[in-house]
Amino acid sequence: MAEGELKDMEQFFDDLSDSFSGTEPEVHKTSVVGLFLRHMILAYNKLSFSQVYKLYTALQQYFQKDEKKDGADENDMELTNPDELDGKMEKEELDGPLREEEIACTGPLSQKQAEYFLSQQASLLKNDETKALAPASLQKELNNLLKFNPDFAEAHYLSYLNSIRVQDVFSSTHSLLHYFDRLILTGAESKSNGDEGYGRSLRYAALNLAALHCRFGHYQQAELALQEAIRIAQESNDHVCLQHCLSWLYILEQKIFDSCVLLEHSVNKSLHFGLPYLASLGIQSLVQQRAFAGKAANKLMDALKDSDLLHWKHSLSELIDISIAQKTAIWRLYGRSTMALQQAQTLLSMNSLEAVNVGVQQNNTESFAVVLCHLAELHAEQGYFAAASEILKHLKERFPPNSQHAQLWMLFDQKIQFERAMNDGRYHVADSLVAGITALNSIEGVYRKAIVLKAQNQMSEAHKLLQKLLIHCQKIKNTEMVIRVLLCMAELYWRSSCHTIALPVLLQALALAREFSLQYLASETVLNLAFSQLILGIPEQALNILHMAIEPVLAHGAVLDKGCAMFLVAKCQVASAASYTPQKKIEALESAILNLNEAKSYFAKVDCKEQLRDVLYLQARLLHTLGRTQERNKCAMLFRQLHQELPAHGVPLINAFK
């Protein structure tokens, strides 16, 4: 047929019909083969002339492709006409190289092949995006499928998922609407849902459209689509759809005001209608909201424990991962890095409950991206930059730049690089990283810009930026950032010799940290208050409150914070020793030198040269006072090396806590 003409294919189908006729037919109509042949003849008879021509062209391409493959394998080139060979070569050049993926197709697929292709790609997008076709390649294959079958609803839905991967608003909306249009036109819904099928498609179309708009931040359009979904669901008395609508309504309302009542109502109703997945997501959202509101950690963990029981009971693997990632983030928020590390390791050690194909990497979900990012940051904070780089390298492989969760590791990568540049005194490098951070998180970007300006002694510009950021964070109720901004402003006041103005700012930060149970930030604020008291000439009082706050910092703090805390203790000890008896003074100075050694080891771990220089300077002075000349000379030499390497800004040592 392929080597002949179109009429040969028509003759084949005509002859096929004769195989059922006669007293002893070649094939029985009711046999498996008979049913298949009758199905094929009916499908062929329904084709228009253009579709018959397309079918014939596709058959020719299929035959030629197979012939080429056989010829290459058997090296049987003598049977091939030279003219035909030239034609084939031209065709090959036009087609270009075939893709490496086995599943990729160049011609029309059967219904079963198409369904397998779509289900496989959808599964890969969910479980291991790196193994799925690249967005452009997948879209090309989908367009090829839709060219032969424009009413293939599932292909439109996969196109919608593929467009979301690359944040394409227009294409994703277009594909989603086409999916529901085709679903209604083909009657796929009405077959399984009776007369309700048509209305069901409409309300879920509106609900999915609301979710899509919400994902891209189009909250006004999302609210309109959600209202439409609620109206249709109420008319049809569809409680399950209404519960989903209620959950999305909470997400939209959350952008405007705290709506705990909506969420609690959603959780209760979901449990009542037997929707464990939705109920669990509601509990997770409620816990997150309560964490930002400053509720006690033990109550939040109890709530998560109850939701975990629900997960294990119904084998909700994805929600188990979300719950552990949530716990990791909550412990980080409260400043308990050891507990956060434990939760992160728990999730990474778990095996997924979901059955996936061999070779598909499990757990390529947002939960794992979040946990690995926290793990990278925790290692960087402790000075293990090589380990942090390895984790980030793994994240880049697992979540490529075009994947939907890539923005998480991109932000953490930029933040870690920023901290390293600041520690090393390379402010121009840190300043160049601010643009990247701002693109991923505007609040974090503005805060980091203010830190760079402060380090460069551009006090007025930094203060203006921090004032704007403070007003914005208070408006959106980002308490953690409000406290960080207040601490940064207090440091600006010290450097500008406005020590008395810094005190009320620090007390405001402390009150907020304690109200919202942010223990680590509270400890950091107390350290800043102790520094203020040292500046104001009451080092004994500063030492008393330091003993209160230093324990959480040494237990859970970053290496840099530990170093700053020990350096501050040493400064307070030296300042207090002025009023001591000679013997007691020597003991206090010896203790201060030991604390400075500890601070020095912490600063060396994170390569913080400016702080190392300050520690060496103070240590050399103390050793000189105690008459330990050889050790003093060693410290003085190290100080001189660092001082020549680093620029001196002319700021007195006593005016900088960090």
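One-based numbering along the sequence shown. Computed from a predicted structure; not experimentally measured. Any value given below was found using the heavy atoms of this structure, including those in side chains, with hydrogens, waters and symmetry copies removed.
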When you look at [atom1] of [X], are more than 12 heavy atoms from neighbouring residues, nucleotides or ligands closer to it than 6.0 Å?
| X | atom1 | answer |
| --- | --- | --- |
| E551 | CD | no |
| Q220 | CD | no |
| F385 | CZ | yes |

Candidate list D614, L638, N597, test side chain to side chain contact (heavy atoms under 4.5 Å, CB included), partner Q619, passing option: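 Option passing the side chain to side chain contact (heavy atoms under 4.5 Å, CB included) with Q619: N597.
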Looking at E444, K449, Q417, which one forms a side chain to side chain contact (heavy atoms under 4.5 Å, CB included) with I437?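 It is E444; the other options fail the test.
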Are any side-chain N or O atoms of [X] and backbone N or O atoms of [Y], one a donor and one an acceptor, separated by less than 3.5 Å?
| X | Y | result |
| --- | --- | --- |
| S442 | T438 | no |
| Q382 | G557 | yes |
| S517 | A513 | no |
| S337 | H556 | yes |
| H379 | L375 | yes |
| S523 | P552 | no |
| W409 | F399 | yes |
| N478 | Q474 | no |

Do you see a donor-acceptor pair shorter than 3.5 Å between the side chains of [X] and [Y]?
| X | Y | result |
| --- | --- | --- |
| S591 | Q573 | yes |
| Y520 | D561 | yes |
| H463 | Y493 | yes |
| R621 | Y617 | yes |
| Q407 | N441 | no |

Once salt bridge (Lys or Arg N to Asp or Glu O under 4.0 Å) is applied, do any residues pair with E590, and if so which ones, sequence neighbours excluded?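 For E590 the salt bridge (Lys or Arg N to Asp or Glu O under 4.0 Å) partners, ignoring immediate neighbours, are R628.
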Compare every heavy atom of [Y] with every heavy atom of [X], then report the nearest pair and how far apart it is.
| X | Y | result |
| --- | --- | --- |
| A291 | L333 | O-CD2, 3.9 Å |
| C473 | V482 | CB-CG2, 3.6 Å |
| A455 | R495 | CA-NH1, 4.4 Å |
| L252 | A222 | CD2-CB, 3.8 Å |
| L534 | A542 | N-CB, 4.2 Å |
| L554 | K562 | O-CE, 3.2 Å |

Can you name the residues that form a ring-ring contact (aromatic ring centres under 6.0 Å, His included) with H244, not counting sequence neighbours?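 H244 satisfies ring-ring contact (aromatic ring centres under 6.0 Å, His included) with no other residue.
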Working note: F412 + H374, criterion ring pair (Phe, Tyr, Trp, His ring centres under 6.0 Å); need CA distance, chi angles, decisive distance, verdict. CA-CA 8 Å; F412 277 80; H374 280 304; 5.8 Å; yes
Compare all side-chain heavy atoms of [X] with those of [Y] and state whether any distance is below 4.5 angstrom.
| X | Y | answer |
| --- | --- | --- |
| L466 | V446 | no |
| Y277 | E318 | yes |
| R420 | V429 | no |
| H405 | V370 | no |
| L348 | L372 | yes |
| I550 | M566 | yes |
| M481 | Y447 | yes |
| F216 | Q167 | yes |

At what distance, to the nearest 0.5 angstrom, does [atom1] of [X] lie from [atom2] of [Y]?
| X | Y | atom1 | atom2 | answer |
| --- | --- | --- | --- | --- |
| I443 | H472 | CD1 | NE2 | 4.0 Å |
| I451 | E491 | CD1 | CD | 9.0 Å |
| Q326 | L347 | CD | CG | 12.5 Å |
| Q289 | L300 | CD | CG | 11.5 Å |
| L470 | I483 | CG | CD1 | 11.0 Å |
| L395 | D413 | CG | CG | 9.5 Å |

Do the rings of F567 and F603 sit parallel, tilted or perpendicular, given the 30° and 60° boundaries?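 The rings of F567 and F603 stand perpendicular, inter-plane angle above 60°.
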Describe, in one word, how the ring planes of F639 and H643 are oriented to each other, choosing from parallel (under 30°), tilted (30 to 60°) and perpendicular (over 60°).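 Ring orientation of F639 relative to H643: parallel.
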List the steps and the verdict of side chain to side chain contact (heavy atoms under 4.5 Å, CB included) for E480 and F516. CA-CA 9 Å; E480 186 185 7; F516 287 87; over 6 Å; no
Sequence neighbours left out, what passes side chain to side chain donor-acceptor pair (under 3.5 Å) with Q343? Give chain and number order.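 Listed in chain order: nothing, the list is empty.
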Can you sort out the partners of D424 under side chain to side chain donor-acceptor pair (under 3.5 Å), two or more places apart, ordered by chain and number?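 Expected list: R426.
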Assess the residue pair R398 and E366 against the criterion (salt bridge (Lys or Arg N to Asp or Glu O under 4.0 Å)); give the C-alpha distance rounded to whole Å, side-chain angles, the decisive distance to 0.1 Å, and a yes or no. CA-CA 11 Å; R398 188 178 269 205; E366 188 179 12; over 6 Å; no
Do any pairs count as a salt bridge (charged side-chain N to carboxylate O under 4.0 Å, His left out) and have a residue in residues 596-606, sequence neighbours left out, and if so which ones?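 Residue pairs with at least one partner in residues 596-606: there are none.
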Trace of the side chain to side chain contact (heavy atoms under 4.5 Å, CB included) decision for L304 with I330: CA-CA 11 Å; L304 286 173; I330 288 169; 4.2 Å; yes
When you look at I324 and S367, which way does the side chain to side chain contact (heavy atoms under 4.5 Å, CB included) test go after all the steps? CA-CA 8 Å; I324 297 172; S367 309; over 6 Å; no
Residues K415, E419: salt bridge by 4.0 Å N-O rule: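 No.
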Take Q533 and L529, measure what side chain to side chain contact (heavy atoms under 4.5 Å, CB included) needs, and give me the verdict at the end. CA-CA 6 Å; Q533 290 177 325; L529 278 167; 5.6 Å; no
Can you list everything that forms a side chain to side chain contact (heavy atoms under 4.5 Å, CB included) with D308? Sequence neighbours excluded, please.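 H311, W312, S323, K327.
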